[in-house]
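Contents: one structure, followed by commentary.
A quick note: this is a predicted structure, and the numbers were derived from the prediction, not measured. Note on naming: letters A, B, ... go to the chains in the order of the sequence lines (proteins, then strands), and numbering restarts at 1 for each one.
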2 protein chains.
Amino acid sequence: MPRSATTADVFNAVAEPRRREILGLLARGERSVNDVAGSLRVNQPQASKHLKVLKEVGLVRMRGSGQQRLYSLNAAALKPIHDWVMTFAQFWGESYDRLDEYLQELQEQEKQHARKK
Amino acid sequence: MPRSATTADVFNAVAEPRRREILGLLARGERSVNDVAGSLRVNQPQASKHLKVLKEVGLVRMRGSGQQRLYSLNAAALKPIHDWVMTFAQFWGESYDRLDEYLQELQEQEKQHARKK
DNA sequence: TTGATATATTCCCGCATGGGAATATAATAC
DNA sequence: GTATTATATTCCCATGCGGGAATATATCAA
């Protein structure tokens, strides 16, 4: 079995540095494909391909506007990575001492949310 | 140019699900290769290979003990992922409202730390 | 030394990759 | 209609992948 496809999940999609750059750019607002390509000094087909991968895993949304396609960030799709990495925050020394407390509060909030359903 | 090597950086190393499982296991303590292989229902060579990748990017440490090699987690190596994903936390809606505040406090602490040098 | 156990390495394979280059599709303007 | 701009797709290639299987290395025990 070969390596997982880049579109297999968010972890794989985000392993590529240029795709992280694209997400960073889109964090500052919606952009057309050529905007992205220009800002990242990448030619247009590569930009299209990277955006396609990001779209397939839900990290970006697309809408048409004339002949342009405007891509925007869907940062919520990064939550699996956030949640996973936070699992290890307890090992990161004193600066992160209060993170456990914070995460427990978050869990409480989610439980209350679930109960309301 | 092909896809980045799995040992290129932490993002690539961690894109593989089994390697994330290994890290999760090691979070609970040091383990031998066979312990890892047994817990994850993976045969020994695969466990060795995955551990090798994790070691190359600094996510695990190894020490010999008799004929065993004991691997342990080095969670600090996950910080690049943590820092990157936190860049997007502001987009995650109301549950994370206090995260900005929290992160600013962290930055303050780091500045004070730096000043003390 | 021989044997047993623990771990690492090597060879194989099918396969998805990211980039380049060229081309195809889509939408607007005239 | 044609021309132009914006985007997507296709084809190519070299490379590294993860898993299987077999083998090599290392360490202890008797």
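The listed nucleotides are D/dC28, D/dC17, C/dT7; the one nearest the side chain of B/Thr6 is D/dC17. For B/Gln67, the listed nucleotide lying nearest its side chain is C/dT5; candidates were D/dT7, C/dT5, C/dA8. The side chain of B/Pro2 has C/dT17 as its nearest neighbour among C/dG14, D/dG19, C/dT17. Distances were taken from every side-chain heavy atom of A/Ala5 (C-beta onward) to each of C/dA26, C/dT17, D/dC17; the shortest belongs to C/dT17.
The distance between atom CD of B/Glu56 and atom P of D/dG16, rounded to the nearest whole Å, is 13 Å. If you take CD of A/Gln68 and P of D/dT5, they are 13 Å apart, rounded to a whole angstrom. In this structure, A/Lys49 places its NZ atom 9 Å from P of C/dG20, rounding to the nearest Å. One atom, CE of B/Met1, and another, P of C/dG19, lie 7 Å apart when rounded to the nearest Å. Put simply, CG on B/Asp35 is 10 Å from P on C/dA6, counting in whole angstrom units. When rounded to the nearest whole Å, the span between NE2 of B/His50 and C1' of C/dT7 equals 16 Å. In this structure, CD of A/Glu30 is placed 15 Å from C1' of D/dA6, rounded to the nearest angstrom. B/Leu51 places its CG atom 16 Å from the P atom of C/dA6, with the value rounded to the nearest Å.
Here A/Gln46 reaches the OP1 or OP2 of C/dG20: one of its side-chain N or O atoms lies under 4.0 Å away. The phosphate of D/dT7 (OP1 or OP2) has a side-chain N or O of A/Asn34 nearer than 4.0 angstrom. Using a 4.0 Å cut-off, no side-chain N or O of B/Asn43 falls inside it from OP1 or OP2 of D/dA21. Close to C/dA6, at under 4.0 Å from its OP1 or OP2, lies no side-chain N or O of B/Tyr71. The phosphate of D/dT7 (OP1 or OP2) has no side-chain N or O of A/Ser48 nearer than 4.0 angstrom.
The side-chain heavy atoms of A/Gln46 and A/Arg18, taken from C-beta on, include no pair separated by under 4.5 Å. Considering only heavy atoms from C-beta on, A/Val36 comes within 4.5 Å of A/Leu26 through its side chain. By the 4.5 Å heavy-atom criterion applied to side chains, A/Ile22 and A/Leu59 are not counted as neighbours.
The 12-atom threshold is not exceeded at CZ of A/Arg61, counting heavy atoms of other residues, nucleotides or ligands nearer than 6.0 Å.
Taking 3.5 Å as the limit, the base of C/dA8 and the side chain of B/Gln44 contain a donor-acceptor pair of atoms between them.
B/Arg3 has no carboxylate O lying under 4.0 Å from a charged side-chain N of A/Glu16, or vice versa, which leaves the two without a salt bridge.
Take the nearest nucleotide of DNA chain D for A/Val33 and for A/Arg3: the residue whose nucleotide is more 5' is A/Val33. Nearest-nucleotide assignment on DNA chain C puts the 5′-proximal partner with A/Arg18, out of A/Arg18 and A/Gly66.
Note on A/Ser4: nothing from the nucleic acid sits closer than 4.0 angstrom, heavy atoms only.
Using modelled atom types and a 3.5 Å distance limit, the side chains of A/Arg19 and A/His50 yield a donor-acceptor pair.
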